**Q** 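Got a structure for you, questions after.
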Amino acid sequence: MKTKIRSNWSHAILVCRKCSKKNAKRGASFGPKGKPLAKALKKELGAKKGRKSGVGVVEVSCLGVCPARGVVVVDSRSPGHWQIVLSDADIGDLARQLAGTSE
């Protein structure tokens, strides 16, 4: 039985599922088509499904911050710095920042 599995991920982006659900109930969404943040990021980054993608976008349970009108995002390359993404944020800029093409 295999104990290790290869992945193409360079890093992982963790998105709070609870924040996303709270914002969806309030009518807040992300991107031009009004999607939840994780889906909008996957689309913008061109992320494939599962471990074959270049970067992993993973929804996680509550991170315990719960901002009023935002979603908490953690980039695994800098786990000490969490981001709060507001619903009016530019998803293209955010995706470029999280992909590492613009700092």
Side-chain angles (χ1 to χ4, degrees):
M1 176 157 122
K2 287 185 177 184
T3 58
K4 294 182 181 180
I5 300 171
R6 185 182 59 81
S7 168
N8 293 340
W9 291 7
S10 61
H11 60 285
I13 299 167
L14 310 178
V15 180
C16 181
R17 181 181 299 124
K18 185 175 179 182
C19 292
S20 292
K21 285 184 180 183
K22 284 171 112 178
N23 280 306
K25 286 181 182 178
R26 293 181 180 134
S29 56
F30 297 87
K33 295 195 177 184
K35 297 181 178 185
L37 182 58
K39 285 186 180 185
L41 280 175
K42 283 180 185 180
K43 174 101 172 138
E44 192 67 34
L45 291 168
K48 297 176 186 171
K49 193 171 185 179
R51 62 190 181 94
K52 296 188 185 226
S53 179
V55 62
V57 179
V58 181
E59 279 191 307
V60 296
S61 59
C62 185
L63 292 168
V65 178
C66 301
R69 290 179 302 276
V71 176
V72 179
V73 174
V74 181
D75 187 340
S76 66
R77 295 173 297 180
S78 56
H81 299 281
W82 295 14
Q83 259 183 295
I84 296 175
V85 180
L86 301 176
S87 60
D88 61 351
D90 184 341
I91 296 298
D93 285 344
L94 178 65
R96 283 187 289 282
Q97 177 190 356
L98 293 173
T101 57
S102 166
E103 292 296 321

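FYI, the numbering just counts along the sequence from 1. Every heavy atom of this structure was used, including side-chain atoms; hydrogens, water molecules and symmetry mates were not. On a predicted model such as this, the values are computed, not experimentally measured, just so you know.
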**Q** Within the distance-only criterion (no hydrogens, no angle test), does the side chain of S78 pair as donor or acceptor with the backbone N or O of G80 below 3.5 angstrom?
**A** no

**Q** Which heavy atom in W9 sits nearest to a heavy atom in V55, and how many Å separate them?
**A**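 So the two residues come closest at CD1-C, 4.0 Å.
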
**Q** Using the rule that Ile, Leu, Val, Met, Phe, Trp and Tyr join whenever any side-chain heavy atoms are under 4.5 Å apart, tell me whether V15 and L63 fall into a single cluster.
**A**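 Per the 4.5 Å side-chain linkage, V15 and L63 are not co-clustered.
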
**Q** Would you call V72 and P67 a side-chain contact if the rule is heavy atoms closer than 4.5 Å?
**A** yes

**Q** How far does CD of Q83 sit from CG of L14, to the nearest 0.5 angstrom?
**A** 12.0 Å

**Q** Locate the shortest heavy-atom distance separating K48 from K52; write the atom from each residue and the value.
**A**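 Looking at all heavy atoms of both residues, the shortest contact is CD-O, 4.0 Å.
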
**Q** Do V57 and L98 come within less than 4.5 Å of each other through their side chains, counting heavy atoms only?
**A** no

**Q** Sub-3.5 Å donor-acceptor pair from the side chain of S76 to the main-chain atoms of A12, do we have one?
**A** yes

**Q** Can you check side-chain contact (heavy atoms from CB on, under 4.5 Å) on S87 and N23, steps first, answer last?
**A** CA-CA 8 Å; S87 60; N23 280 306; 5.6 Å; no

**Q** Using a 4.5 Å cut-off on heavy atoms from C-beta on, say whether the side chain of C66 contacts that of K22.
**A**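 Yes, their side chains come closer than 4.5 Å.
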
**Q** Would you say L37 and L94 make side-chain contact, with heavy atoms under 4.5 Å?
**A**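 A side-chain contact under 4.5 Å exists here.
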
**Q** Measuring from atom NZ of K18 to atom OG of S61, what distance do you get when rounded to the nearest 0.5 angstrom?
**A**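 Between atom NZ of K18 and atom OG of S61 there are 9.5 Å.
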
**Q** Which heavy atom of S7 sits nearest to which heavy atom of R51, and what is that distance?
**A** OG-O, 3.5 Å

**Q** Distance check, rounded to the nearest 0.5 Å: D90 atom CG versus R96 atom CZ?
**A**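 Here the interatomic distance stands at 6.5 Å.
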
**Q** Please name the pair of heavy atoms, one in C16 and one in C62, separated by the smallest distance, quoted to 0.1 Å.
**A** SG-CA, 3.8 Å

**Q** To the nearest 0.5 Å, what is the distance between SG (C19) and CD (E59)?
**A**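 C19 SG to E59 CD: 10.5 Å, rounded to 0.5 Å.
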
**Q** Check the hydrophobic clustering (I, L, V, M, F, W, Y; side-chain heavy atoms under 4.5 Å; chains of links allowed) and say if L45 and V74 are grouped together.
**A** no

**Q** Decide if atom CZ of R69 counts as having more than 12 heavy atoms of other residues, nucleotides or ligands within a radius under 6.0 Å.
**A**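 Count not over threshold, so no.
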
**Q** For E44 and G92, work out which heavy atoms get closest and say how close.
**A**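 Of all heavy-atom pairs spanning E44 and G92, the closest is OE2-CA, 3.7 Å.
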
**Q** Any idea which heavy atoms bring G70 and L86 closest together, and the distance?
**A**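 Closest approach of G70 to L86: CA-CD2, 4.1 Å.
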
**Q** Decide yes or no for D75 and H11: does some side-chain heavy atom of the first lie under 4.5 Å from some side-chain heavy atom of the second?
**A**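 Of all side-chain heavy-atom pairs linking H11 with D75, at least one is under 4.5 Å.
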
